[in-house]
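Okay, structure first, notes after.
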Amino acid sequence: MTSKLKFSIVTCTWNSAATLADTIRSVQAQDYPYIEHIFVDGGSTDGTLEMIAKNCPEALVLKNVVGGISRGMNAGIDAASGDVIAFLHSDDYYSAVDILSHVSSQLHANPLNQWAYGKIQYLREGILHSADYPLPLFTFRSFAAGRAWVPHPAAFVRRAVFAELGMFDVKLKYAMDIDLWLRLGQHYLPVQIDAHLTVFRQHEGSLSTANKLETSQEEWRVRRRYFAKAPFETAICGLRILRRMWRIRHKNLLKS
């Protein structure tokens, strides 16, 4: 039995043929051999499933998983056999060939840490944008205050943690990842990898971009769940979110 960590890469798709090739290539290019790729499809009709079948014949494909992204990610977790789970959706791809080997070495070096994350780059209109500042120190309170953040596509969580602390809340549409990081942060500190791990394709059609007000409203509802654990920090973050919501509403009024 190998001592190497096995990664389960969960990719949620829905009519993703335009961008999925980058995702697939970035996983197949990894220099780390212990990987399974799981695709969770919400009923694609644009050739997505055919692309997966052609390029990833050994992948596990879960078809017609409907009911939202949280339900899709949970289905991927249920199907996973790896030690570590990552969510690399069809708008995302790994930024180098050694990402998983690097994450594996970091988790091996820090066995008490049940999760890890790094930085992401943003691809906007074909131009790659990098955040060159160091990652802020993560604690439960720093995240509750909004001083630290976790880029979802660059996060890696040991599978056993989902059995312990629960999976994504299927009632949430936008802030399910924030809810998960707050739950995780109460129990385990992450390994913070101060390097770009993933590229996130940002466009107006993405869920959180197209629904900015609803995203902020749901984030505030989620953060209020943890108010008793970090009241001061949650209030600080809440003021920022409420100001953001006011700006969005004001901008929408000017457009109308």
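This structure is a prediction, so every number in the text was calculated from the model and none was measured.
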Problem - Atom CH2 of W220: over 12 foreign heavy atoms under 6.0 Å - result: yes
Exercise for the section: Run the salt-bridge test on R225 and D169 with the 4.0 Å N-O cut-off and return the result as yes or no. Expected result: yes
Handout entry: Exam field: side chain R183 to backbone G166, donor-acceptor pair closer than 3.5 Å
Key = yes
Problem - Heavy-atom check, side chain of L5 versus side chain of H108, under 4.5 Å - result: yes
Practice task
Give, for atom OG1 of T198 and atom CD of Q121, the distance between the pair rounded to the nearest 0.5 Å.
Solution key: 9.0 Å
Problem - K229 vs L182 side-chain heavy atoms within contact, under 4.5 Å - result: no
Practice task
Verify, without hydrogens or angle tests, whether Q30 (side chain) and A96 (backbone) share a donor-acceptor contact under 3.5 angstrom.
Solution key: yes
Practice task
Compute both the distance and the angle, then confirm whether R223 meets the cation-pi test with F143: under 6.0 Å from the six-membered ring centre, within 45 degrees of the axis.
Solution key: yes
Practice task
Measure up the F168 and F162 rings against each other and bin them: parallel (under 30°), tilted (30 to 60°), perpendicular (over 60°).
Solution key: tilted
Problem - W14 and S90, any side-chain heavy atoms less than 4.5 Å apart - result: no
Handout entry: Salt bridge flag under 4.0 Å for residues D194 and K119
Key = yes
Handout entry: Between CZ on residue F140 and NE2 on residue H187, distance to nearest 0.5 Å
Key = 9.0 Å
Handout entry: Side-chain touch I69/K173, heavy atoms, less than 4.5 angstrom
Key = no
Practice task
Measure the CG-SG distance between D41 and C12 for me, rounded to the nearest 0.5 Å.
Solution key: 9.5 Å
Practice task
For the residue pair Y94 and F156, categorise the inter-ring angle as parallel (less than 30°), tilted (30 to 60°) or perpendicular (more than 60°).
Solution key: parallel
Handout entry: Side-chain H-bond candidate by donor/acceptor type, K6 with S81, under 3.5 Å
Key = yes
Exercise for the section: Check the angle between the aromatic planes of W246 and H250 and answer parallel, tilted or perpendicular using the 30° and 60° thresholds. Expected result: parallel
Exercise for the section: Report yes or no: does Q114 contribute a side-chain atom to a donor-acceptor pair with the main-chain N or O of V161 at less than 3.5 Å? Expected result: no
Completion exercise
Rounded to the nearest 0.5 angstrom, the CD1-OG distance for I99 and S104 is 13.0 Å
Handout entry: Spacing of S95 atom OG and H196 atom NE2 [to the nearest 0.5 Å]
Key = 8.0 Å
Practice task
Scan D92, D22, T23 and name whichever one has a side chain to side chain donor-acceptor pair (under 3.5 Å) with R201.
Solution key: D22
Exercise for the section: Please say which of F138, W115, Y226 ends up in a ring-ring contact (aromatic ring centres under 6.0 Å, His included) with W181. Expected result: W115
Exercise for the section: Anything under 30° is parallel, anything over 60° is perpendicular, the rest tilted; go ahead and classify F87 against H152. Expected result: tilted
Handout entry: I77 vs V10 side-chain heavy atoms within contact, under 4.5 Å
Key = no
